[in-house]
Visitor: 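Have a look at this one before I ask anything.
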Amino acid sequence: MSRDWLSVATLKEATIVQRMIGERIETADRLPPAPRVAGADVSMKWRDSMGPVHAAIAPVDGPAATATAIPPFPYVPGYLGFREVPVLAMAWDRMAASGGPVPDLLIVDGHGRAHPRRAGVASHLGVALDVPTIGCAKTLLCGMVEGEVGPDPGDRAPVVHGGEVVAMALRMRARAAPVYVGIGHRVSLETAVDWVLRLGGGRRLPLPVRLAHDAANAARRLAEAERS
DNA sequence: GCGACAG
DNA sequence: ATCTTGTCGC
């Protein structure tokens, strides 16, 4: 399908690909009634942007799948997808190959449409895998919060960029900074906010993202321990 | 032109 | 992204 987009040689090329992704995002709901939700995140060594990246796809109700690869790029703001999506796709394939059921909805640690070219890592992964995704980021890459987010869990305010609402600033927990929830692929903004809130568990980050974060970290520590 | 900049 | 210890509050 569209996994050719996983590897590009230059940032100029990547920019072209991102414009294609941005135009291909589906912003309406297209997912099963009771989706199996999983989180997606990566882990890497501190300040080692050329070292290996460890990725995890972590279902809420089952074992996580992980994969490791060396990304072709250092970290460049706006091009995160080209570092993370290839190795996340490897973890996804490993999960599919393990025989069990595959997730119907991924909550990705990073932005979706809230991106200069509407192609954040969540959208990138969703289009590449052809699966519904939600972006859930801890800080903004672009755009501004319109108004203010209320103090209580569930309170929200739109994030506007280029004249359109690209995400929702969402208070998950009192006295904790909001998270930025956005459309990745095949999920409406309202549905995205609903799922993140429902899986919040009284914490700032939704459960699937925490599980993926932990699984990716565990994979990295394991790899670092048994090498040498 | 200058500054800002997910993970 | 990640490192590290203690400290504060419910």
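This is a predicted model, so every value here is computed, not measured. Letters A, B, ... are given to chains in the order of the sequence lines, protein chains preceding strands, and every chain is numbered from 1.
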Visitor: Closer than 3.5 angstrom, by distance alone: can the side chain of Arg36(A) be matched with the main-chain N or O of Val102(A) as a donor-acceptor pair?
Guide: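 Yes: the side chain of Arg36(A) pairs with the backbone of Val102(A).
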Visitor: Look at all strands and tell whether Val121(A) reaches a base, only sugar-phosphate, or nothing, counting heavy atoms closer than 4.0 Å.
Guide: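 Answer is base: heavy atoms of Val121(A) come under 4.0 Å of a base.
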Visitor: First and last nucleotide of DNA chain C in contact with chain A, 5' to 3', at under 4.0 Å to a heavy atom: what are they?
Guide: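 Here the contact window of chain A covers dA1(C) to dC3(C).
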Visitor: Keeping Arg173(A) on the side-chain end and Arg171(A) on the backbone end, is there a donor-acceptor pair under 3.5 Å?
Guide: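 Pair absent, no side-chain N/O of Arg173(A) close to backbone of Arg171(A).
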Visitor: Which residues pass the side-chain hydrogen bond (donor to acceptor under 3.5 Å, both in side chains) test with Arg113(A), not counting sequence neighbours?
Guide: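 Checked Arg113(A) against side-chain hydrogen bond (donor to acceptor under 3.5 Å, both in side chains); matches are Glu164(A).
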Visitor: Find out if a path of hydrophobic residues (ILVMFWY) with successive side-chain heavy-atom gaps under 4.5 Å connects Leu205(A) to Val159(A).
Guide: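 Leu205(A) and Val159(A): separate clusters.
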Visitor: Pull out every stem in DNA chain C, meaning runs of 3 or more consecutive Watson-Crick or G-U wobble pairs with both distances under 3.5 Å.
Guide: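 DNA chain C stems: none present.
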Visitor: Here's a test of your reading of the structure: between Arg175(A) and Asn217(A), which maps to the more 5' nucleotide of DNA chain C?
Guide: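 Mapping each residue to its closest nucleotide by heavy atoms, the 5'-most match is Asn217(A).
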Visitor: In terms of hydrophobic clusters joined by side-chain contacts under 4.5 Å, are Val108(A) and Val166(A) together?
Guide: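 Cluster IDs for Val108(A) and Val166(A) differ.
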Visitor: Please report the closest heavy-atom contact between Ser98(A) and Met95(A), naming both atoms and the distance.
Guide: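 Nearest pair, atom of Ser98(A) first, then Met95(A): OG-O, 2.7 Å.
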Visitor: For Arg204(A), does the CZ atom sit with more than 12 other heavy atoms under 6.0 Å from it, leaving out its own atoms?
Guide: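 Above 12, so yes.
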Visitor: If you measure from the Lys or Arg side-chain nitrogens to the Asp or Glu carboxylate oxygens, is any gap between Arg210(A) and Asp41(A) under 4.0 Å?
Guide: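 Salt bridge flag = no for Asp41(A) with Arg210(A).
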Visitor: Below 4.0 Å from chain A heavy atoms, what is the first contacting nucleotide of DNA chain B and what is the last?
Guide: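 First and last nucleotides in contact are dC5(B) to dG7(B).
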Visitor: Any idea which heavy atoms bring Ser123(A) and Gly184(A) closest together, and the distance?
Guide: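 Shortest heavy-atom separation between Ser123(A) and Gly184(A) comes out as OG-O, 2.8 Å.
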Visitor: For the side-chain hydrogen bond (donor to acceptor under 3.5 Å, both in side chains) test, which of Glu23(A), His161(A), Gln18(A) pairs with Arg118(A)?
Guide: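 That would be His161(A).
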Visitor: Counting the atoms with a prime plus P, OP1 and OP2 as sugar-phosphate, which does Asp48(A) contact under 4.0 Å by heavy atoms, base, sugar-phosphate, or nothing?
Guide: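 The answer is nothing, as Asp48(A) stays clear of every strand by at least 4.0 Å.
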Visitor: By side chain to side chain contact (heavy atoms under 4.5 Å, CB included), which residues pair with Arg220(A), not counting sequence neighbours?
Guide: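 Scan of Arg220(A) (side chain to side chain contact (heavy atoms under 4.5 Å, CB included), adjacent residues dropped) gives Ser43(A), His54(A), Asn217(A), Glu224(A).
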Visitor: Does the plane of the ring in Tyr180(A) sit parallel, tilted or perpendicular to the ring in His111(A)? Use 30° and 60° as the thresholds.
Guide: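 Rings of Tyr180(A) and His111(A): tilted, as their planes differ by 30° to 60°.
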Visitor: Can you sort out which residues in residues 198-213 of chain A have a heavy atom within less than 4.0 Å of DNA chain B? Ascending by number, please.
Guide: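 Of all residues in residues 198-213 of chain A, none places a heavy atom under 4.0 Å from DNA chain B.
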Visitor: Would a distance-only check, ignoring hydrogens and angles, find a side-chain to backbone donor-acceptor pair under 3.5 Å from Glu84(A) to Leu80(A)?
Guide: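 Pair absent, no side-chain N/O of Glu84(A) close to backbone of Leu80(A).
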Visitor: Should Met50(A) and Tyr79(A) be counted in the same cluster of Ile, Leu, Val, Met, Phe, Trp and Tyr side chains packed under 4.5 Å apart?
Guide: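 Different clusters.
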Visitor: Quick one: does any side-chain atom of Thr191(A) pair with a main-chain N or O of Val187(A) as donor and acceptor, under 3.5 Å?
Guide: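 No, Thr191(A) side chain to Val187(A) backbone: no donor-acceptor pair under 3.5 Å.
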Visitor: For DNA chain B, which residues of residues 138-161 of chain A approach it to below 4.0 angstrom with any heavy atom?
Guide: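 Result for residues 138-161 of chain A: Lys138(A), Thr139(A), Leu140(A), Leu141(A), sorted by number.
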Visitor: In Å and rounded to the nearest 0.5 Å, what is the CG to CG distance from Asp93(A) to Leu88(A)?
Guide: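 Going from the CG atom of Asp93(A) to the CG atom of Leu88(A) covers 11.0 Å.
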Visitor: Could you spell out the base pairing of DNA chain B in dot-bracket, with Watson-Crick or G-U pairs whose two distances are under 3.5 Å, [ ] crossing and | to another strand?
Guide: .......
Visitor: Please work out if Arg220(A) contacts a base, only the sugar-phosphate, or nothing of the nucleic acid, heavy-atom cut-off 4.0 Å.
Guide: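 Answer is sugar-phosphate: Arg220(A) comes under 4.0 Å of backbone atoms only.
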Visitor: Are any side-chain N or O atoms of Asp152(A) and backbone N or O atoms of Asp155(A), one a donor and one an acceptor, separated by less than 3.5 Å?
Guide: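 Not a single qualifying donor-acceptor pair exists.
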Visitor: Quick one: does any side-chain atom of Arg83(A) pair with a main-chain N or O of Pro71(A) as donor and acceptor, under 3.5 Å?
Guide: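 Side chain of Arg83(A) to backbone of Pro71(A): no pair is present.
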Visitor: Base, sugar-phosphate or nothing for Ser49(A)? Non-hydrogen atoms, less than 4.0 Å.
Guide: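 Here Ser49(A) touches no strand at all.
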Visitor: Considering residues at least two apart in sequence or located in another chain, which fulfil the side-chain hydrogen bond (donor to acceptor under 3.5 Å, both in side chains) criterion with Glu26(A)?
Guide: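 side-chain hydrogen bond (donor to acceptor under 3.5 Å, both in side chains) check on Glu26(A) returns Arg30(A).
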Visitor: Go through residues 65-78 of chain A and report each residue with a non-hydrogen atom lying under 4.0 Å from DNA chain B, sorted by number.
Guide: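 Those residues are Tyr75(A), Pro77(A), Gly78(A).
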Visitor: Nearest heavy-atom pair of Met172(A) and Leu197(A): which atoms, and what distance?
Guide: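 So the minimum-distance heavy-atom pair works out to SD-CD1, 4.0 Å.
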Visitor: Is Ser49(A) reaching over with its side chain to a backbone N or O of Pro74(A), donor-acceptor style, under 3.5 angstrom?
Guide: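 No, the answer is negative, given that no donor and acceptor are paired below the 3.5 Å cut-off.
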Visitor: Name each donor-acceptor pair under 3.5 Å that joins a side chain in residues 131-151 of chain A to protein atoms two or more places apart or in another chain, with its distance.
Guide:
residue: Thr133(A); atom: OG1; partner: Ala122(A); partner atom: O; Å: 2.8
residue: Thr133(A); atom: OG1; partner: His185(A); partner atom: N; Å: 3.1
residue: Lys138(A); atom: NZ; partner: Asp109(A); partner atom: OD1; Å: 3.0
residue: Lys138(A); atom: NZ; partner: Asp109(A); partner atom: OD2; Å: 3.2

Visitor: Considering only heavy atoms, which members of residues 185-192 of chain A lie under 4.0 Å from some atom of DNA chain C?
Guide: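 Here the set is empty: none.
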Visitor: Between Arg186(A) and Ala28(A) (side chain of the first, backbone of the second, donor and acceptor by atom type, cut-off under 3.5 Å), is there such a pair?
Guide: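 Checking the backbone N and O of Ala28(A) against the side chain of Arg186(A), no donor-acceptor pair under 3.5 Å is found.
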